[in-house]
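Taking it in order: structure first as structure tokens, then the write-up.
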Amino acid sequence: MNTTNDYDVIVVGAGHAGCEAACAVSAMGLSTCLITINLETIAQMSCNPAIGGLAKGHLVREIDALGGIMGILADETGIQFRLLNRSRGGAVQAPRAQSDKALYRTYMKKHLEKTQNLALFQGIVTEVITKNNKACGINTLEGYKLNAGAIIMTPGTFLNGLIHIGTHNYSAGRANEPASRKLGEHLKKMGLRIFRLKTGTPMRLHRETIDWDQFKAQPGDKNPVPFSFRTKKKLKNKVDCYLGYTNSETHKIINNNLDKSPLYSGIITGIGPRYCPSIEVKVVQFPHHKRHQFFLEPEGLDTAEIYINGIATSLPLITQKDILASIPGLDQAEILRPAYAIEYDAVVPTQLYPTLETREIENLYLAGQINGTSGYEEAAAQGLMAGINAALKIKGEKPFILRRDEAYIAVLIDDLITKGVEEPYRLFTSRAEYRLQLRIDNADKRLIKYGNQFGLIRPAEYEDYQIKQEKLNKAKHFLQTEKITPEGKETITLKAHLKKPHVSYRDVTRDKQPDVNLSKEEIRHIESEIKYEGYLKKQAKEIARIAKLDKVKIPEDMDYKKVSGLTAEVVERLENQRPGNLGEAKKISGITPAALINLHIYIKIRQKNRKRSKGTC
């Protein structure tokens, strides 16, 4: 531990990224300071009070397997739980929970306050202190100076945040909280390339002013599936959500008021999320749709606020009221908080290493929306990885970089640093090449070894995992050895029978059962492993082939100008980065698959020529 610093690591911002980062560093034994503008809004759900969903639920499971805290808190504070795509294959099933917004915030704050090695501090950071191009501390607006071995920056939407409601706008990080204007300008002066993004949030309505009979109830699952492998208690659904639709009158009102929308009047310049657009964008871009769905979702058990998932907008308040008046059931609804759009600064993520450390400034790590992502889950995953890597660097240990075949977390980070973003990035299962093996049911099998290695998983938790694996192995062995003779057919193993479509674990063990009691989650895991077995073996071979190719070394004296087929831009990037192997070259922004093939061919030819020249000596 570096005793010359106030702290080993300072984390700036206490959103979902900052909380995960701070907890990870602290758990790894380093002194940590988590500094935020307001201690009362730690882990605030600024938009939808929900955790998980398609791909996002996968991230939460992976965070949990590594020892992160989002999954446990989602289980503790969830008020409705659903497993999405339950009727489809295990690769695309994902948990989602409606959370109690205030309770999640409270539980997170209590968890942080009890965490060893972690200090909470309220202040507005204005500068990152550097020495010899290394981050070594921060200055605050209040005049405080804190020193550290590494800085993790997780400011969310606060960098030069600008809120828009109709033609009116004001500086803010989110409603009623100040933006970080000085810090935003400071990062630009440090040489980081910045661009503008936009996101938004819908209005909140008073529960008692909604006619609920006009909407279709969406109850939670009868048997909720937890996010965390460490959750032992049975989860309970406490609320229903409700489904509703806009109509032609709603769309007419929106079209008639587009001149008042900052999105269409040119006031907003930042790029918004394609997959979660404002209602005015939906109406304009999909004029053939007669209606758009939305969901009425409670923000908690002890509040009257209802969130309208699907009607985010930046239109004026009077137009927002007109929109509600056009929808039966919402025509008398009272707005408690108006909808708004927010523009903010983000850092071009191709300026980051896979560890999320900036290439320009050593020991400065970025995580969350500052890297161009959207969503609490994407932010939390980055925060966890940045925290682990900052701690490892201070300890003088090797960085922790996951492969794309190991985790959706790796897909997320690799996409950011190699491809960059043009709009707020959202993770989808389709972004993963190996999604058959990146399932929620095997996240612990893939990742818990790392959480155990870094000290983020408690010994008792790791022991529970090992016991679980013993049960699964015993059940798999039973299925592989026990046989069945279906009526009028040849004798086959239970495993072979389970591979057939529409045959379940319960079907094959109806007459013969293994001497182990499996949970529904464990049964889903076995079904997925066996039904996908052939595909998984093919993927494993492909992964091994690519891994072998990635390890091909690039000679230190490589002259990239001699490689045919490389553009001047590719040559420049390769010369600047000087990758040690093809795997490192592949991760450089702008390096195409064709360039990698040409580079590999050139290296092979060069090796053959050198062998020949040695043979003639």
Side-chain angles (χ1 to χ4, degrees), residues 58 61-62 64-67 71-72 75 83 86 88-95 223-235 405-407 434-453 457-486 489-541 543:
H58 290 73
R61 275 289 177 94
E62 291 179 353
D64 183 71
L66 288 169
I72 291 176
D75 289 342
L83 183 67
R86 186 181 283 270
R88 298 179 64 187
V92 292
Q93 292 178 352
N223 297 297
V225 175
F227 282 98
S228 178
F229 292 103
R230 296 170 278 178
T231 294
K232 303 301 180 185
K233 69 176 185 179
K234 186 175 181 179
L235 303 178
D405 61 277
E406 285 186 292
Y434 308 109
R435 58 184 176 273
L436 286 181
Q437 64 186 44
L438 302 183
R439 307 185 309 275
I440 62 168
D441 63 82
N442 68 357
D444 55 347
K445 186 177 181 180
R446 290 183 278 119
L447 301 173
I448 200 171
K449 59 187 176 185
Y450 300 121
N452 182 59
Q453 175 186 336
I457 294 289
R458 296 173 184 173
E461 294 168 342
Y462 192 66
E463 186 178 344
D464 286 345
Y465 161 76
Q466 291 176 312
I467 292 171
K468 172 185 171 182
Q469 293 308 305
E470 289 175 5
K471 285 171 58 182
L472 292 172
N473 289 336
K474 191 171 183 179
K476 289 176 184 176
H477 177 73
F478 174 83
L479 295 173
Q480 196 163 353
T481 54
E482 287 294 319
K483 296 183 178 181
I484 188 174
T485 307
K489 297 181 181 180
E490 294 182 2
T491 299
I492 57 174
T493 64
L494 296 182
K495 177 181 176 180
H497 191 39
L498 180 55
K499 283 188 176 184
K500 296 179 180 180
H502 310 300
V503 176
S504 69
Y505 178 86
R506 297 293 187 195
D507 294 333
V508 300
T509 58
R510 187 169 288 116
D511 299 320
K512 297 181 178 181
Q513 296 181 352
D515 188 24
V516 286
N517 185 25
L518 300 181
S519 67
K520 291 181 179 179
E521 178 82 3
E522 290 163 348
I523 289 172
R524 271 196 295 271
H525 170 74
I526 286 180
E527 287 178 340
S528 294
E529 288 280 300
I530 290 176
K531 288 183 181 295
Y532 291 145
E533 185 179 49
Y535 299 105
L536 292 172
K537 285 181 178 179
K538 289 180 181 178
Q539 280 194 354
K541 290 180 181 179
I543 291 166

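All residue numbers in this chain count up from 1 along the given sequence.
With a 4.5 Å cut-off on side-chain heavy atoms, Q93 and V225 do not count as touching. Contact check for I543 versus Q437: side-chain heavy atoms found under the 4.5 Å cut-off. By the 4.5 Å heavy-atom criterion applied to side chains, E529 and I526 are not counted as neighbours. A heavy-atom distance below 4.5 Å is not found between the side chains of E470 and V516. Side-chain atoms of L438 and H58, non-hydrogen and from C-beta on, never get closer than 4.5 Å to each other. Y505 places a side-chain heavy atom less than 4.5 Å from the side chain of L479. Here the side chains of D444 and K468 are in contact, with some heavy-atom distance below 4.5 Å.
Remark: the backbone N or O of H525 is not paired with any side-chain donor or acceptor of N442 at under 3.5 angstrom. Of the possible polar contacts, one joining the K531 side chain to the K500 backbone as a donor-acceptor pair under 3.5 Å is found.
Nearest approach of S528 to R439, heavy atoms of both residues: CB-NE, 3.3 Å. Residues T485 and K489 come closest through the heavy atom pair CG2-O, 3.4 Å. What you find for A65 and I457 is that their closest heavy atoms are O-CD1, 3.7 Å.
Taken from CD1 in I523 to OG1 in T509, the straight-line distance is 7.0 Å, to the nearest 0.5 Å.
Annotation: salt bridge (charged side-chain N to carboxylate O under 4.0 Å, His left out) contacts of R510 (sequence neighbours excluded): D507. Residues meeting the ring-ring contact (aromatic ring centres under 6.0 Å, His included) test with F229, sequence neighbours left out: none. Residues passing the ring-ring contact (aromatic ring centres under 6.0 Å, His included) test with Y465 are Y462, sequence neighbours excluded. Legend: residues meeting side-chain hydrogen bond (donor to acceptor under 3.5 Å, both in side chains) with R435, ordered by chain and number and at least two apart, are absent. Under the rule for a side-chain contact (heavy atoms from CB on, under 4.5 Å), the partners of A407 that lie at least two apart in sequence or sit in another chain are E62, L402, I409, R446, L447. Scored by the side-chain hydrogen bond (donor to acceptor under 3.5 Å, both in side chains) test, E406 finds Y450 as partners (sequence neighbours excluded). Residues satisfying the salt bridge (charged side-chain N to carboxylate O under 4.0 Å, His left out) criterion with K512, sequence neighbours excluded, are E482. Shown here are the side-chain hydrogen bond (donor to acceptor under 3.5 Å, both in side chains) partners of Q513, two or more places apart in sequence or in another chain: there are none. K520 is linked by a salt bridge (charged side-chain N to carboxylate O under 4.0 Å, His left out) to nothing, counting only residues two or more places apart in sequence or in another chain. Among residues two or more places apart in sequence or in another chain, the side-chain hydrogen bond (donor to acceptor under 3.5 Å, both in side chains) test is passed with D64 by S228, R230.
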Show me the donor-acceptor pairs within less than 3.5 Å that the side chains of residues 533-541 make with the rest of the protein, sequence neighbours left out.
from: E533; atom 1: OE1; to: K495; atom 2: NZ; distance (Å): 3.4
from: E533; atom 1: OE1; to: K499; atom 2: NZ; distance (Å): 2.6
from: E533; atom 1: OE2; to: K495; atom 2: NZ; distance (Å): 2.8

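For E490, the CD atom is loosely surrounded, since the number of other residues' heavy atoms within 6.0 Å does not exceed 12. The local environment of CZ in R458 is sparse, with at most 12 non-hydrogen atoms from other residues, nucleotides or ligands closer than 6.0 Å.
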### Task
Begin with the C-alpha distance, continue with both residues' side-chain angles, and end with the deciding distance and a verdict on side chain to side chain contact (heavy atoms under 4.5 Å, CB included) for L83 and I440.
CA-CA 11 Å; L83 183 67; I440 62 168; 3.9 Å; yes

### Query
Can you list the steps and then say if I484 with I492 is a side chain to side chain contact (heavy atoms under 4.5 Å, CB included)?
CA-CA 6 Å; I484 188 174; I492 57 174; 4.0 Å; yes

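Here E521 pairs with R524 in a salt bridge; the nearest charged N to carboxylate O distance falls below 4.0 Å.
Judged as a side chain to side chain donor-acceptor pair (under 3.5 Å), the pairs with a partner in residues 471-481 (not counting sequence neighbours) are, in order, K471-E522.
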